[in-house]
Amino acid sequence: HMGHAFQQTIMDALIRYHRMRGDNTLWQVGTDHAGIATQKIVENQLAAEGKSRHDLGREAFVERVWHWKEESGSTITRQMRRIGAAADWSRERFTMDEGLSAAVRKVFVEWYRAGLIYRGNRLVNWDPLLMTAVSDLEVNNVERDGSMWYICYPFSDGPVDGLRGMTIATTRPETMLADGALAVHPEDGRYRHLVGRYVDLPLCDRRIPIIADEFVDREFGSGCVKITGAHDFNDYEVAKRHAIGMIIIMTLDARMNDSAPAAYRGMDRYVARKAVVADLEHQGFLIKVEPHKYQVPVSQRSDAVIEPMLTDQWFVDLTSDNGRSAITQPALDAVRNGDIRFVPENWTTTYTQWLDNIQDWCISRQLWWGHRIPAWYDEAGNIFVGEDEADARAHASVPPVGALRQDEDVLDTWFSSALWPFSTLGWPSDQPVENERGEIVANWQTDKVFLPSSVLVTGFDIIFFWVARMVMTTLYFTRQVPFRDVYINAIVRDAEGRKMSKSKGNTLDPLDLIDGITLPALVEKSTRSLLIPQVREKVEKRIRKEYPDGIAAIGTDALRFTFAALASYSRTINFDIKRAEGYKAFCNKLWNAARFVLMNSSSPLPPGTAAIPGQELRGGAQAPGEGSGLARHPGETEPSPQPLSRRERGSLPTTEAERWIVSRLHATLAEVEQHFTTYRFDHLAQALYEFVWNEYCDWFLELSKPALSGDDAEAAASTRRTLLVVLETALRALHPVIPFITEEIWQSVAPQLGLEAASILERAYPRADEFAVDQTASAEIEWFKAVLTGIRKIRSEMNIVPGKTIPLLLADGDADDRRRAEKFSAQIEFLARCEAPRWLAAGEAEPAAAAAVVGNVRVLIPLAGLIDLDAERARLNKEIARIQAEIKKCQGKLGNANFVDHAPAVVVEQERNRLADWNTQLGVLRGQAEKLGA
RNA sequence: GGGCAGUUAGCUCAGCGGUAGAGCACCGCCUUGACAUGGCGGUGGUCAGAGGUUCGAUCCCUCUACUGCCCACCA
């Protein structure tokens with residue numbers, strides 16, 4: 001989905017960037033086995049055939065899941081390739097690979113032997129639909145409208161002080177059948193004297209004590225609470241504290257069992273609730289019912305309401321030693337002392353707060369798909385843990401009684417995912433690990449260098465599930481942190497900021513953005529899984545309105561660039577397709593700039609390709625050594641390598657424009673490098689965008705035109721070379737974000753520069769210091785730009801048709817201005833469509849003219865026949881007003897003694913300079929206005 | 001109940017102590033030989049509200065109001 005595409009764009013950009021910088025890079029790709037989700041899918045398939053997994057039996061069922069995994073796994077990698085992921089696919093891993101499974105067994109056994117994994121009968125979150133335990137993290141609390149039932153439990157010895165009994169409040173009346181006590185607060189004056197008495201449990205033939213416990217909130221309900229140890233997490237703790245017996249009254253599929261009174265046996269929990277309430281009312285125990293909003297624990301995977309259930313499960317000890325087990329404490333320390341850094345850093349709080357309040361981790365799941373727990377039981381119920389049965393026997397402290405049978409349960413998927421940072425590198429094997437094709441996929445002896453890795457890129461939603469657990473296991477087993485940086489990417493939402501979800505029909509498929517999709521297909525796809533007709537209709541209506549023509553293909557590059565441009569430190573990004581279209585235009589701009597450059601070099605691209613090839617640009621993966629994966633568009637021939645002449649190659653930038661663009665390139669690259677280290681993809685995309693479009697294309701390319709066709713052969717040759725060099729550099733700088741188009745263009749540009757690499761990915765990432773900064777040239781070009789902009793402004797505002805060549809006069813100014821005007825004469829003529837600029841001679845009568853002011857120079861366009869005098873006066877007055885406002889602001893500041901005394905000298909100085917500049921301009925403009933009789 | 005974000009141009013977002021920015025949208029003019037997925041020019045903002053710190057606050061602090069997310073056992 002969009003989140004994956006976004007995430008992979010970030011990862012791929014980082015990988016390509018570092019590879020080009022010559023770093024030893026590994027992008028460890030792979031997938032986990034998604035235990036519950038996957039098993040559920042296959043079970044659903046079976047259900048459609050009218051079968052259950054029990055019909056197949058464990059072995060056949062697991063076989064079938066493997067089969068499904070082969071199919072779906074390839075879909076993921078295919079999509080990653082489309083987005084351009086330059087991963088090392090030969091090293092792709094799966095959590096149920098043999099090697100990774102060996103790591104799982106070793107970790108389990110070591111932790112067990114260290115006393116950090118234990119088996120116990122505990123109250124756990126039980127999913128009665130999937131029939132498995134789940135961890136705390138896999139439970140969501142959702143608010144529901146419910147009721148609060150007030151129930152009277154009569155005193156066993158008859159009324160006390162006229163009171164018939166104790167009134168309790170509950171949201172789950174059916175669980176009263178398992179009550180073991182009532183509890184009040186020890187300091188509650190209303191009830192203190194009743195502690196120790198007994199009440200009769202309605203509907204049951206039992207009496208239960210009234211106890212006192214601090215846990216009770218005096219303010220809530222009646223201040224008296226029923227204690228149902230086996231079916232409520234709070235009550236469980238209270239019951240344990242007071243040694244109150246726990247009665248289990250539900251089966252694993254949440255029906256009343258034989259411990260419940262006969263009347264309710266076999267009833268579903270909600271049916272039983274109704275029956276219990278009805279009976280209570282009948283028998284006069286129900287005091288009242290109030291509407292009540294409450295939190296219901298819901299299974300993330302099945303939406304079933306979770307039932308706390310007392311069962312035998314396996315746990316990882318994360319809390320011994322005061323909540324800081326040998327596993328937890330190092331994981332906290334690593335982040336606190338900066339060995340691991342969250343980006344953006346505010347996620348640090350989330351991480352540490354969770355670890356500070358963590359509970360033991362329930363790792364057993366009553367499923368078949370996953371790593372089977374390496375524990376065996378003998379006929380006496382003794383537990384034997386080992387990497388296999390023989391190992392388990394060998395480590396037995398008591399001889400097994402009879403045959404051993406392996407634990408039926410599997411491990412939480414995240415248990416194996418938690419080992420990813422080192423299990424994928426070959427741990428624990430001393431030998432190279434091979435895949436089923438006999439290829440070496442990992443070798444711990446040599447691959448250790450990738451631990452810790454530089455960065456983990458992931459979503460905040462799995463900081464607890466995955467990130468924290470990788471930190472815990474990796475620190476424990478390797479004494480190293482798994483990664484240095486954790487870049488938490490933003491969540492992708494739709495343009496209105498709503499979560500993308502299939503049930504809202506507002507998801508976008510990245511591939512549909514890349515390839516485009518027709519309206520009917522989009523409608524069909526978005527409404528396919530919507531079952532409610534009204535919702536369907538609404539979604540269809542919205543889509544028809546939002547995408548009347550479907551979605552036009554924007555290509556992988558533009559999509560990637562959009563993701564980069566949106567990747568600020570913000571925690572959500574609202575995906576606006578308009579923005580993607582803007583970046584598609586950028587890709588096109590780049591393409592056309594390249595066309596221009598190549599057109600002016602010895603081997604141009606063929607004409608007639610003014611738009612970037614769309615569908616043809618689709619490529620396969622860009623695996624190392626695989627080349628660009630780009631198809632050439634129709635009609636295009638292989639460019640014949642014709643390197644520049646020696647003179648061209650050897651020449652240094654000669655013109656100001658060249659030295660200026662090279663200076664700008666330096667600044668841009670410096671900025672980009674900085675942004676890569678801080679993961680500010682938005683800024684680096686922006687910097688490159690501005691450089692390519694606003695500087696290289698808008699100014700340098702335009703300035704090159706007169707140079708290329710001018711009389712100065714040396715300048716022409718040098719310009720040609722600089723066009724190529726800067727383009728080639730910009731391509732490399734952009735390549736991590738825009739891999740396909742840059743490769744495509746580069747293949748044509750490289751021969752022009754005599755470059756030998758087979759792929760742009762083999763070239764080094766450009767560094768700022770390879771490009772000289774020339775302040776002087778920059779100042780010259782800024783002057784030129786100001787002059788040209790001034791003229792353009794007049795032309796535009798005075799409605800002088802662009803095609804019309806106009807006369808140009810220069811007045812005032814100093815020696816520098818004269819020198820510059822002389823130097824840029826040809827460029828001004830060419831780009832401003834004017835006659836050669838002429839200086840107004842001393843004493844020469846000045847014609848009525850429109851004027852632009854650049855420093856001390858007045859750039860004059862005579863009005864005769866061109867310009868409306870009134871319009872020019874109005875234009876001048878507007879400009880004067882604007883400058884006066886600026887002057888007023890400056891004077892306000894400088895007139896404030898506090899400012900002058902307290903502000904840093906540089907700031908005051910800057911303000912004075914500004915004021916002087918504004919005043920100069922104001923003077924010139926006023927003079928000009930006077931001349932026009934305004 | 002705790003915690004974390006966000007509120008800046010019509011829309012999607014940067015900026016974050018010293019002259020308010022980008023893309024898209026909008027308004028002019030222009031099929032000029034790289035590009036109309038374009039060029040040139042332009043319109044548009046008391047930076048959510050109120051206090052405070054400061055010579056100076058969109059930026060720092062406090063509070064308020066909305067919006068969103070995460071965590072938590074109030075039966």
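Proteins come first, then strands; the chains are lettered A, B, ... in the order of their sequence lines, and each starts at number 1.
Nucleotides B/rA57 and B/rG52, compared at atom P, are 12 Å apart to the nearest Å. On the C1' atoms, B/rG21 is 13 Å away from B/rG44, given to the nearest whole Å. Taking the P atoms as reference points, B/rC59 lies 16 Å from B/rU54, given to the whole Å. Taking atom P in both B/rG45 and B/rG56, the straight-line distance is 27 Å, to the nearest Å. Spacing of P atoms, B/rA48 relative to B/rU7, comes out at 8 Å, to the nearest Å. Of the C1' atoms belonging to B/rA72 and B/rA9, the separation is 41 Å, rounded to the nearest Å. Comparing the P positions of B/rC71 and B/rC11 gives a spacing of 31 Å, expressed to the nearest Å.
Surrounding CD of A/E143 are more than 12 heavy atoms belonging to other residues, nucleotides or ligands, all under 6.0 Å away. Residue A/Q884 qualifies as enclosed at atom CD: its count of foreign heavy atoms under 6.0 Å is above 12. The environment of NZ in A/K240 is crowded: more than 12 heavy-atom neighbours from other residues, nucleotides or ligands sit within 6.0 Å.
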Under-3.5 Å N/O pairs linking protein and nucleotides 66-69 of chain B:
none

Anything under 3.5 Å between a protein N or O and an N or O of nucleotides 15-18 of chain B, put it in a table, one pair a line.
from, atom 1, to, atom 2, distance (Å)
B/rG15, OP1, A/R680, NH1, 3.1
B/rG15, OP1, A/R680, NH2, 3.1
B/rG18, O2', A/K893, NZ, 3.2

List, with names and distances, any nitrogen or oxygen atoms from the protein found under 3.5 Å away from nitrogen or oxygen atoms belonging to nucleotides 23-33 of chain B.
from, atom 1, to, atom 2, distance (Å)
B/rG28, N2, A/S796, OG, 3.4

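Among residues two or more places apart in sequence or in another chain, the salt bridge (charged side-chain N to carboxylate O under 4.0 Å, His left out) test is passed with A/K878 by none. Partners of A/N489 under the side-chain contact (heavy atoms from CB on, under 4.5 Å) rule, at least two apart in sequence or in another chain, are A/F6, A/Q7, A/V457, A/Y487.
Side-chain atoms of A/S135 and A/E138 form a donor-acceptor pair, as typed in the model, at a separation below 3.5 Å.
A close approach under 4.0 Å does occur between a side-chain nitrogen or oxygen of A/N574 and OP1 or OP2 of B/rC13. For the OP1/OP2 pair of B/rC40 and a distance below 4.0 Å, the side-chain nitrogens and oxygens of A/K793 include no atom meeting the criterion.
For A/Q295 and B/rA75, a side-chain-to-base donor-acceptor distance below 3.5 Å is absent, hydrogens and geometry of angles not being considered.
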Name every donor-acceptor pair, under 3.5 Å, that has one atom in a side chain of residues 222-230 of chain A and the other anywhere in the protein, sequence neighbours excluded.
from, atom 1, to, atom 2, distance (Å)
A/S222, OG, A/T167, O, 2.5
A/S222, OG, A/C224, N, 3.3
A/S222, OG, A/C224, O, 3.4
A/K226, NZ, A/T175, OG1, 2.6
A/K226, NZ, A/D179, OD1, 3.0
A/K226, NZ, A/T228, OG1, 2.8
A/T228, OG1, A/D179, OD1, 2.6

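Using Watson-Crick or G-U wobble geometry with both donor-acceptor distances under 3.5 Å, B/rG21 finds its partner in B/rC13.
For A/E886, whose side chain is taken as the heavy atoms from C-beta onward, the closest listed nucleotide among B/rA34, B/rU12, B/rU19 is B/rU19.
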